[in-house]
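Only a predicted model underlies this, so the values are computations on that prediction, with no experimental measurement involved.
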Amino acid sequence: MKLKMGHKSLILWAKKIIICTLSLILLGIGCGINLATNQGADPITVFYDGLHNISNITSGQVATILNASLILLVLIFDFLDARKKANREGKKLTFFDVFNHIHIGTIIYLFVLGAFIDFGEWAYGLLHVPDMMMGMFNVSQIIASLIGCVFCFIGLGGFMAVAIGIDPWTAAAVILSDKMKKPFGPVKITLDALTLLFGWLMGGVVGIITLFCAFLGGPIIQKSAEILDKTFKKMLKSD
């Protein structure tokens with residue numbers, strides 16, 4: 001007996017939400033590992049680390065507070081834009097008009113990422129990875145960091161591939177791009193550079209993994225998203 005279309009739709013969304021959540025768990029653990037190894041991380045994680053250094057809260061809690069603040073700001077901008085458009089067109093503003101950039105994946109990002117950043121740091125600490133020095137480089141930490149990067153790249157690729165929302169930082173960059181009437185790419189690069197700079201100034205660790213993420217992260221994440229997109233399309237078939 002075939003399911004009704006409404007049931008199929010619910011199952012499809014349930015699958016997407018599960019995949020999105022698992023992807024973000026992987027991303028959070030990867031970020032946590034990179035913080036624990038002290039070999040550097042991507043710009044936003046360095047920013048989390050810097051704020052953690054000047055506060056009495058964990059990096060994961062910093063991530064949650066920052067992401068919640070960004071989501072609130074994005075919602076305010078979306079509300080103002082939607083109200084202006086509704087007034088201009090003489091239409092009534094609806095609840096869904098406000099959620100232009102914030103979707104269910106963004107909300108999952110808020111509640112999952114920070115918790116699993118802290119979990120990743122805690123789990124790495126339990127392993128008691130021995131130091132293995134080669135000159136000035138701690139090889140064991142670098143290897144662990146590369147594993148953390150793999151988790152991050154696959155997790156972020158999965159989040160992008162399932163496409164049920166964007167992260168708050170990307171949403172903020174999209175709005176800045178629109179407001180400044182500048183291409184998204186340079187705006188996102190500038191935002192990443194500023195987060196990296198301020199994170200470093202606050203004591204966030206910038207190291208070899210930061211360079212790895214800067215030069216190879218983008219292409220690897222894009223390839224990961226393409227591969228996972230094909231895989232998810234097969235998984236998400238409702239019939």
Side-chain angles (χ1 to χ4, degrees), residues 17-71 105-134 137-160 162 165 167-169 192 195-196 198-214 216-217 220-221 224 228:
I17 289 170
I18 290 169
I19 292 169
C20 178
T21 303
L22 291 175
S23 297
L24 290 171
I25 287 172
L26 202 59
L27 174 61
I29 292 172
C31 291
I33 291 171
N34 286 344
L35 287 172
T37 57
N38 288 313
Q39 296 297 318
D42 64 277
I44 293 172
T45 306
V46 171
F47 191 58
Y48 295 154
D49 189 28
L51 283 173
H52 155 68
N53 286 332
I54 63 171
S55 67
N56 293 319
I57 58 177
T58 67
S59 298
Q61 290 169 335
V62 166
T64 300
I65 293 168
L66 268 179
N67 289 326
S69 302
L70 278 174
I71 288 173
T106 318
I107 304 303
I108 296 171
Y109 187 99
L110 169 64
F111 287 105
V112 171
L113 185 72
F116 281 91
I117 287 176
D118 286 343
F119 176 81
E121 287 195 83
W122 172 78
Y124 180 81
L126 287 183
L127 295 176
H128 300 293
V129 178
D131 290 338
M132 186 169 63
M133 302 301 296
M134 187 177 291
F137 296 106
N138 189 321
V139 178
S140 56
Q141 287 186 347
I142 291 174
I143 291 171
S145 293
L146 290 173
I147 294 170
C149 286
V150 170
F151 284 4
C152 288
F153 296 157
I154 294 173
L156 194 50
F159 178 69
M160 291 168 60
V162 79
D167 66 272
W169 295 89
D192 285 348
T195 55
L196 180 63
F198 286 116
W200 175 69
L201 289 173
M202 291 184 291
V205 177
V206 175
I208 191 169
I209 297 301
T210 310
L211 295 175
F212 177 76
C213 291
L216 295 175
I220 295 173
I221 291 167
S224 169
L228 291 171

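Atoms NE2 and CG, from His52 and Leu35 in turn, are 8.0 Å apart once rounded to the nearest 0.5 Å. Atom CD1 in Ile220 sits 11.5 Å away from atom SG in Cys152 (nearest 0.5 Å). Here Thr64 contributes atom OG1 and Tyr48 contributes atom OH; the two are 8.5 Å apart, rounded to the nearest 0.5 Å. Within the model, atoms CD1 of Ile65 and CD1 of Ile57 stand 3.5 Å from one another, a figure rounded to the nearest 0.5 Å. Residue Ile221 holds its CD1 atom at 11.0 Å from CD1 of Ile154, rounded to the nearest 0.5 Å. One distance of note links CG of Asn34 with CD1 of Ile147; it measures 10.5 Å at 0.5 Å rounding.
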Full working for side-chain contact (heavy atoms from CB on, under 4.5 Å) between Trp169 and Asn67:
CA-CA 8 Å; Trp169 295 89; Asn67 289 326; 3.0 Å; yes
With side-chain contact (heavy atoms from CB on, under 4.5 Å) as the test, would you mind laying out the steps for Ile19 and Leu228 before giving the verdict?
CA-CA 10 Å; Ile19 292 169; Leu228 291 171; over 6 Å; no
Could you walk me through whether Val46 and Thr195 pass the side-chain contact (heavy atoms from CB on, under 4.5 Å) check?
CA-CA 8 Å; Val46 171; Thr195 55; over 6 Å; no
Assess the residue pair Ile117 and Leu113 against the criterion (side-chain contact (heavy atoms from CB on, under 4.5 Å)); give the C-alpha distance rounded to whole Å, side-chain angles, the decisive distance to 0.1 Å, and a yes or no.
CA-CA 6 Å; Ile117 287 176; Leu113 185 72; 4.0 Å; yes
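Scanning both residues, Ile71 and Pro168, for their nearest heavy atoms gives CG1-CG, 3.8 Å. Closest of all the heavy-atom pairs between Gly60 and Asp118 is N-OD1, 2.9 Å. Nearest heavy-atom pair across Tyr124 and Ala36 is CD2-CB, 3.4 Å. Taking each heavy atom of Ala63 and Gly114 in turn, the nearest pair found is CB-CA, 4.2 Å. Across all non-hydrogen atoms, the minimal contact from Cys20 to Ile108 is SG-CD1, 4.1 Å. When every heavy atom of Ala68 is checked against every heavy atom of Leu110, the shortest pair comes out as N-CD1, 3.5 Å.
Between Met202 and Asn53, the closest side-chain pair of non-hydrogen atoms is not below 4.5 Å. A heavy-atom distance below 4.5 Å is not found between the side chains of Val162 and Ser23. For the pair Thr21/Ile25, a side-chain contact is recorded, criterion being any heavy-atom separation below 4.5 Å from C-beta on.
Exactly one residue among Ile33, Thr37, Ile209 makes a side-chain contact (heavy atoms from CB on, under 4.5 Å) with Leu146. That residue is Ile209.
Within 6.0 Å of atom CZ in Phe151, 12 or fewer heavy atoms from other residues, nucleotides or ligands are found, so the atom counts as exposed in its surroundings.
Under the 3.5 Å distance criterion, the side-chain polar atoms of Thr210 are matched with a main-chain donor or acceptor of Ala41. A donor-acceptor contact shorter than 3.5 Å links the side chain of Ser145 to the backbone of Gln141. Between the side chain of Asp49 and the main chain of Val205, a donor-acceptor pair closer than 3.5 Å is present.
Partners of Ile107 under the side chain to side chain contact (heavy atoms under 4.5 Å, CB included) rule, at least two apart in sequence or in another chain, are Ile102, Phe111. With sequence neighbours left out, the salt bridge (charged side-chain N to carboxylate O under 4.0 Å, His left out) criterion links Asp192 to Lys188.
Sorted by first then second residue, the side-chain hydrogen bond (donor to acceptor under 3.5 Å, both in side chains) pairs that include residues 147-158, not counting sequence neighbours, number zero.
Ring pair Tyr109/Phe159 is tilted by interplanar angle, where 30° to 60° counts as tilted. Between Phe119 and Trp122, the ring-plane angle classifies as tilted under the 30° and 60° cut-offs.
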